[in-house]
Number of protein chains: 2
Amino acid sequence: MRRADARSNRDRVVAAAREAFAAAGLEVPMREVARRAGVGVATLYRHFPTRTELVATVLAERVADCGVQMRRALDDPDPWRALAGVVRVFAERQIHDRALNEALLGPGAVGAAFQEERREHAQALNVLVVRARAAGVLRGGVDADDVRAGLLAIASLRRLPAATSARVIGRVADLVLAGIRA
Amino acid sequence: MRRADARSNRDRVVAAAREAFAAAGLEVPMREVARRAGVGVATLYRHFPTRTELVATVLAERVADCGVQMRRALDDPDPWRALAGVVRVFAERQIHDRALNEALLGPGAVGAAFQEERREHAQALNVLVVRARAAGVLRGGVDADDVRAGLLAIASLRRLPAATSARVIGRVADLVLAGIRA
DNA sequence: ATGGAAACGGAGCAGGCGTTCCGCTGTGGG
DNA sequence: CCCACAGCGGAACGCCTGCTCCGTTTCCAT
């Protein structure tokens, strides 16, 4: 089995897809990913039999990254800083990675692959909110679903024209934080 | 000139497009709009030479509606109620009309046709914010761009699956209001 | 009633997408 | 070193889109 070149091609495809998805969203044509990777479409399809699988592979990395951030937040002894940090990091990522957004907002197929991770994140967020509430830093009546809604709002903004989205995302993140704080 | 049937067909096309766009977004195929209107595609194209023109025609109605709401808010003597009302009405509309969202967020071509109305709305919003700030009901540092960012966030949420978007939009609207209030 | 133009419908065109097929290339075990 | 075959590139297929062409229908002035 001649793995050397095949494996290197696979890596190049994943790298090209990662960049393309981050920059232009998940709807980049397969031809374009292949072109960026410097391979033919057939090569791409040999490693990823369907578009969905390529997308899932690239997103898996990103989702894993988010898990790391979450665990870091859980280690923070300051409840407000932990929660605010999650919101800010999330916003920051949305600014730089368009794919992440569509993983959350995309209809069924794409997001479905990460149900487990998603539940894990939700669990962690619940913990952060409970701690923050116990510390009295949250406005009355605010619950984890409010924070989730805020995060979704931030994520959705990624679809704005790139020129303005960064600033708007920053403002909304501040708005959300002001809206949940006591 | 045989206007009777032509005119009635035009009306049916606009009505069909309005419904289809509100329900399924601006990306509904022309064939589908024609089918819903009970006419052939050629008829549709005779009245609207290009897809963009059909979209613009339908959105013009919606944008005009928003202008009415804005003027109503300007007449409200209570500055907070006026501003909060705008946010709430806007959120309510996003829930029921998917097209409105894409008019705001869609890239260039679509939104460009309404620059004038948009500026008018922006102007009105500025007035509302200035009044609210003068009345001391806004948190320090909040400006019109923050409110605009909040509205954009609400609008962006329309792309979530229909099942959850209504509730999430409601929560975010509350979050935004909490975030700007003193 | 009747002619002719305005208006119609649906087949057809060009272009873009995801995916597949197939003849060639170049790698690495013997 | 050499040649079998894993692996390759790009042309091709089927489907969907916006849009156009043209033979046929239908209204309305006469």
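Numbers restart at 1 for each chain; the letters A, B, ... are given by sequence-line order, proteins then strands. Computation of the quantities below employed the complete heavy-atom set of this structure, encompassing side-chain atoms and omitting hydrogens, waters and symmetry-equivalent molecules.
Comparing A/Arg46 and A/Met30 against DNA chain C, the residue whose closest nucleotide sits nearer the 5' end is A/Met30.
Taking 4.0 angstrom as the limit, A/Asn9 places none of its side-chain polar atoms (N or O) nearer than this to OP1 or OP2 of D/dG7. Between D/dC19 and B/Thr50, a contact under 4.0 Å exists linking OP1 or OP2 to a side-chain N or O. A close approach under 4.0 Å does occur between a side-chain nitrogen or oxygen of B/Thr43 and OP1 or OP2 of C/dG9. Remark: B/His47 is not in phosphate contact with C/dA6, judged by side-chain N or O atoms under 4.0 Å from OP1 or OP2.
Between the CD atom of A/Glu32 and the C1' atom of D/dG9 there is a distance of 17 Å, rounded to whole Å. Atom pair A/Leu26:CG and C/dG18:P shows a separation of 11 Å (rounding to whole Å applied). Atoms CG (B/Leu44) and P (D/dT17) sit 14 Å apart, rounded to a whole Å. When the C1' atom of C/dG10 is taken as reference, atom OH of B/Tyr45 falls 14 Å away, rounded to whole Å. Counting to the nearest Å, the C1' atom of C/dC17 and the CD atom of B/Glu27 are 14 Å from each other. Rounded to a whole Å, the CG atom of B/Asp5 is 13 Å from the C1' atom of C/dG9. One atom, CZ of B/Arg12, and another, P of C/dA7, lie 16 Å apart when rounded to the nearest Å. The interatomic distance linking B/Arg7 (CZ) with D/dC27 (C1') rounds to 17 Å, in whole Å.
Across D/dC28, C/dT20, C/dC17, the shortest atom-to-atom separation from the side chain of B/Ala4 is found for D/dC28. Closest to the A/Arg51 side chain, of the nucleotides C/dC21, D/dG18, C/dT19, is C/dT19. For A/Ala6, the listed nucleotide lying nearest its side chain is D/dG7; candidates were D/dG7, C/dC8, C/dT19. Nearest to the side-chain atoms of B/Pro29 among the listed nucleotides D/dG9, C/dT20, D/dT17 stands D/dT17.
Salt bridge annotation for B/Arg10-B/Asp5: absent, with no cationic side-chain nitrogen under 4.0 angstrom from a carboxylate oxygen. Ion pair B/Arg72/B/Asp75 not flagged as a salt bridge, since none of the NZ, NE, NH1 or NH2 atoms sits closer than 4.0 Å to an Asp/Glu carboxylate oxygen. Using a 4.0 Å cut-off between charged side-chain N and carboxylate O, B/Glu32 and B/Arg35 make a salt bridge.
Residue A/Val41 is in base contact, counting any heavy-atom pair closer than 4.0 Å across all strands shown.
In the model, B/Asn126 has a side-chain atom that pairs as donor or acceptor with a side-chain atom of B/Arg148 under 3.5 Å.
The environment of A/Glu27 atom CD is sparse: at most 12 non-hydrogen atoms of other residues, nucleotides or ligands sit within 6.0 angstrom.
Counting atom types as modelled, A/Arg31 pairs no side-chain N or O with a base atom of C/dG16 as donor and acceptor under 3.5 Å.
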